[in-house]
Amino acid sequence: MSKIVVFGGSGFIGSHVADQLSLSGHDVVIYDVYDSPYLRSNQTMITGDLLDSVSVSSAVKGAQAVFNFAAVSDINEALRDPVATVNINILGNVNILEACRLENIGRFFYASSVYVNSREGGFYGCSKKAAEQYIEQYKRTYGLDFTILRYGSLYGPRSDSRNGLKRIISDAVENGILRYEGDKDAFREYIHVRDAAIASVKALGESFKNKKIILTGHQPIRVVDILSMLAEIMGLPNSAVQFSQSDYEGHYIRTPYHYEPDLAEKYIPETYVDLGEGLLEVIKSLKDSK
């Protein structure tokens with residue numbers, strides 16, 4: 001039995017991964033800003049802030065592995081509050097990385113997103129990409145092993161109103177309308193949260209060390225087909241399927257992947273300070289300051 005700390009373990013995917021870790025025989029510690037409503041009798045709960053370095057370091061002490069699911073995970077929420085997104089998704093993650101380094105944790109697992117290689121995703125995608133870069137740099141600089149888990153479109157129990165399918169189904173149950181805000185041609189690769197959690201725990205294996213793993217459904221499916229399937233399951237007419245056509249900023253249509261090289265232009269002024277003259281200026285300024 002090994003101690004594993006799950007940051008953000010009170011939430012949707014985090015709580016399911018904590019369950020699977022416990023079922024696999026690990027000693028699980030959940031660290032979150034609120035108590036987990038799914039806490040098991042053999043799990044330990046720590047209520048704390050990611051930005052509290054003392055509390056974070058204390059939590060990971062003696063652990064063999066650490067998972068981080070704590071994040072501003074909703075694209076729209078991240079667009080509304082970019083500062084909070086940076087504080088939690090980037091600074092909070094670095095705080096955990098630093099604690100793992102100081103406590104010599106065996107491996108760090110990070111819940112990332114398929115949006116890291118996309119022009120979409122808004123500030124959420126930016127924060128996940130930055131967090132991944134910090135993780136890789138911690139490996140290069142300090143030797144901290146990692147596994148990055150890039151999740152796709154999750155669905156299943158314990159999701160809240162921020163989850164796309166949960167919103168659609170809740171609206172249908174309440175109003176009899178299957179409404180989707182976005183492009184009619186949208187595709188998604190849905191993966192059930194328990195399948196994603198089981199795969200996340202299997203990533204503890206040595207073959208997943210220092211790898212980036214994509215966890216999505218087996219194949220893309222049109223959102224309109226999902227809605228038609230839900231209409232049939234729920235006994236609703238086809239007319240119940242409605243689209244609110246919009247750009248739906250930050251969300252991809254057919255694929256999150258995008259190649260976009262970032263090329264900078266070099267500018268040389270028509271007149272410039274000669275290097276020798278510039279060095280003489282620096283030397284003179286240092287001598288004059290004494």
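Residue numbers count from 1 along this sequence. In this text the structure is predicted, and so the values were computed from the model without any measurement.
- Side chain of Ser112 to backbone of Arg150: no donor-acceptor contact under 3.5 angstrom is found.
- Sorted by first and then second residue, the side chain to side chain donor-acceptor pair (under 3.5 Å) pairs with a member in residues 84-95 read Asn68-Asn93, Asn89-Ser127; sequence neighbours excluded.
- Relative orientation of the Tyr151 and Phe69 rings is tilted, given thresholds of 30° and 60° on the angle between their planes.
- Contacts of Lys209 classified as side chain to side chain donor-acceptor pair (under 3.5 Å), with partners at least two apart in sequence or in another chain: Glu206.
- Without hydrogens or angle criteria, Ser170 side chain to Arg167 main chain gives no donor-acceptor distance under 3.5 Å.
- Side-chain N or O atoms of Lys166 include one that pairs as donor or acceptor with a backbone N or O of Ser159 at under 3.5 Å.
- The hydrophobic cluster around Val54 extends to none of the other residues, as no ILVMFWY side-chain heavy atom falls under 4.5 Å of it.
- Between Tyr31 and Phe7, the ring-plane angle classifies as tilted under the 30° and 60° cut-offs.
- In this structure, the side chains of Thr44 and Val28 stay at 4.5 Å or more apart for every pair of heavy atoms.
- Each of Lys212, Arg107, Lys211 was checked for a side-chain hydrogen bond (donor to acceptor under 3.5 Å, both in side chains) with Thr147, and the lone residue meeting it is Arg107.
- Using a distance-only test at 3.5 Å, with no hydrogens or angles considered, no donor-acceptor pair links the side chain of Gln20 to the main chain of Ala18.
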Exercise for the section: Walk me through it: do Ser15 and Arg158 pass the test side-chain hydrogen bond (donor to acceptor under 3.5 Å, both in side chains)? Expected result: CA-CA 9 Å; Ser15 66; Arg158 303 181 188 172; 3.0 Å; yes
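- Proximity of a side-chain donor or acceptor of Lys129 to a complementary backbone N or O of Tyr115 within less than 3.5 Å is not detected.
- A salt bridge links Arg40 and Asp19; the closest N-O separation between the charged side-chain nitrogens and carboxylate oxygens is under 4.0 Å.
- For the pair Gln137/Gln133, no side-chain contact is recorded, criterion being any heavy-atom separation below 4.5 Å from C-beta on.
- Under 4.0 Å is where a charged nitrogen must lie from a carboxylate oxygen, and between Arg101 and Glu98 at least one such pair does.
- Heavy-atom minimum distance, Val56 versus Ala99: CG1-CB, 3.7 Å.
- Under the 4.5 Å side-chain heavy-atom criterion for grouping Ile, Leu, Val, Met, Phe, Trp and Tyr, Tyr138 is connected to Tyr110 within one hydrophobic cluster.
- In this structure a side-chain-to-backbone donor-acceptor pair under 3.5 Å is missing from Arg179 to Ile168.
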Practice task
Determine, stepwise, if the pair Phe146 / Phe108 fulfils ring-ring contact (aromatic ring centres under 6.0 Å, His included).
Solution key: CA-CA 5 Å; Phe146 68 86; Phe108 176 77; 8.7 Å; no
